[in-house]
Number of protein chains: 2
Amino acid sequence: MAEGLFRAIGYQKTAVADIARELGMSPANVYLFFPSKSAINEAITARLLEGVASDLEAIADGPGAAPDRLRAMLRALHARHLALFFSQKRMHDMVSAAMSEHWGVISGFIARIEAAMGRVIADGARRGEFAPIDPAEGARMLKQATLCWTHPVLIADAMDKRQVEEAQMAGELDGMLDLLIRGLRPDS
Amino acid sequence: MAEGLFRAIGYQKTAVADIARELGMSPANVYLFFPSKSAINEAITARLLEGVASDLEAIADGPGAAPDRLRAMLRALHARHLALFFSQKRMHDMVSAAMSEHWGVISGFIARIEAAMGRVIADGARRGEFAPIDPAEGARMLKQATLCWTHPVLIADAMDKRQVEEAQMAGELDGMLDLLIRGLRPDS
DNA sequence: GAACTGACGAAAGTCAATATTCGTCAGTGA
DNA sequence: TCACTGACGAATATTGACTTTCGTCAGTTC
């Protein structure tokens with residue numbers, strides 16, 4: 001129904017009249033499906049984030065050692081944001097706006113990812129791969145420590161101004177993950 | 001000479017005419033001391049950051065265990081930014097602008113602090129308190145992992161929207177520092 | 001001639017009038 | 001009744017005239 005929407009849309013620049021024309025409707029009719037323009041934006045964003053979140057959850061709840069899964073999750077999250085920035089700038093801008101303006105979708109997305117990371121940490125602790133830290137707290141710290149690599153605004157900042165290479169950034173993230181995972185390990 | 005400047009000035013809102021009046025000069029005369037308006041802003045910012053940097057260097061090069069000094073440095077840095085945000089919003093805004101617009105002063109300031117943290121890490125490694133990690137790399141990671149608590153824009157964001165308590169924020173920083181310092185320790 | 005200034009062009013910022021866009025609602029056709 | 005629309009008031013964006021500010025320079029004062 002609203003499938004056609006998610007194709008040729010750019011955030012904040014296209015009017016609902018454009019969307020309606022794209023769908024072969026009148027502008028008024030769009031409001032039978034969405035309560036407001038910002039609801040449309042949120043729906044598009046939610047659609048995008050849903051894909052990311054389910055990918056990360058697949059990693060979190062999949063096989064492998066807990067540290068490896070954490071590493072894979074954060075690498076994947078970083079890679080997704082980087083890809084967005086380079087190949088779908090409009091979407092990147094929309095997600096950036098969603099974060100700085102604290103849209104509704106974002107908090108759910110973050111909670112979902114933190115929960116997934118929390119599960120991995122709890123699992124790792126159960127298996128003796130991690131120290132018995134509070135999973136929720138650990139997950140939040142991981143998120144905050146890697147903010148540079150997963151926050152759209154900070155990524156854009158790094159790429160725009162400092163001219164950081166893509167590979168170098170990924171390398172630094174790996175170093176950070178080494179440090180954090182060392183910190184999570186139990187005393188031996 | 002330019003001492004009188006640093007009192008009653010607000011960033012980006014006061015004209016050089018105001019500064020000149022404050023100093024009992026004509027606007028034109030100000031340009032004998034500063035090459036441009038932005039040079040005045042940078043000078044004010046540099047003055048502020050100089051104080052912070054020298055405080056942190058005193059901690060870095062002072063007595064105590066390396067982990068404790070690192071912790072003290074980052075706590076102090078966080079506290080300074082928080083204090084700025086609450087009691088000198090104009091200055092906070094100026095530093096924020098300096099960071100987002102990448103003024104000249106900033107890179108020097110960051111380099112200085114990273115160097116100081118690097119010295120502490122190297123010192124700790126020499127004494128066996130830390131694993132033999134590359135000091136520069138370790139310092140950069142510490143900086144990035146604690147960005148939430150030391151980046152003016154992120155602090156403002158956290159305080160404005162999420163209504164985070166001051167104490168809670170400091171507590172989370174402590175947790176983060178625990179994790180990071182655990183990660184830096186040598187295998188035992 | 002050293003220290004400073006008034007006056008001025010260029011650039012940036014301000015604000016109100018204008019033009020778009022949002023979202024509603026009575027109304028059309030099936 | 002249901003799926004939809006044209007027309008319209010309210011809210012938001014854009015334009016452009018006007019004002020302020022920046023930074024220079026010839027010129028004044030001591």
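Letters A, B, ... mirror the listed sequences (proteins, then strands); counts begin at 1.
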For B/Phe85, check ring pair (Phe, Tyr, Trp, His ring centres under 6.0 Å) against everything at least two apart and list the hits. B/His92

Global bending angle along the helix from C/dG1-D/dC30 to C/dA30-D/dT1, which compares the axes of five pairs at either end, to 10 degrees: 10°

Can you name the side chain to side chain contact (heavy atoms under 4.5 Å, CB included) partners of B/Arg21, sequence neighbours left out? B/Asp18

If the condition is side chain to side chain contact (heavy atoms under 4.5 Å, CB included), which residues does B/Arg80 pass it with, not counting sequence neighbours? B/Val52, B/Asp55

Pick out the pairs of N or O atoms, protein on one side and nucleotides 4-7 of chain D on the other, that lie under 3.5 Å.
| residue | atom | partner | partner atom | Å |
| --- | --- | --- | --- | --- |
| D/dT5 | OP2 | A/Ser26 | N | 2.9 |
| D/dT5 | OP2 | A/Ser26 | OG | 3.3 |

Report the distance from atom NZ of B/Lys37 to atom C1' of D/dT20, rounded to the nearest whole Å. 11 Å

Applying side-chain hydrogen bond (donor to acceptor under 3.5 Å, both in side chains), can you list everything that pairs with B/Ser36, at least two apart in sequence or on another chain? B/Ser38

Any salt bridge (charged side-chain N to carboxylate O under 4.0 Å, His left out) pairs touching residues 150-159 of chain A, not counting sequence neighbours? none

Distance from A/Met141 atom CE to A/Ile121 atom CD1, nearest 0.5 Å? 9.5 Å

Between C/dT21 (C1') and A/Asp18 (CG): distance, integer Å: 10 Å

Using residues 132-140 of chain B as the side-chain source, report each donor-acceptor pair under 3.5 Å to any protein atom, sequence neighbours left out, with the distance given to one decimal.
| residue | atom | partner | partner atom | Å |
| --- | --- | --- | --- | --- |
| B/Asp134 | OD2 | B/Glu137 | N | 3.1 |
| B/Arg140 | NE | A/Glu172 | OE2 | 3.4 |
| B/Arg140 | NH2 | A/Glu172 | OE2 | 3.4 |

Interatomic distance where CD1 belongs to B/Ile19 and C1' belongs to D/dT20 [whole Å]: 15 Å

Which other residues belong to the hydrophobic cluster containing B/Leu147, where Ile, Leu, Val, Met, Phe, Trp and Tyr are joined when side-chain heavy atoms lie under 4.5 Å apart, directly or via other members? A/Leu147, A/Leu154, B/Leu154

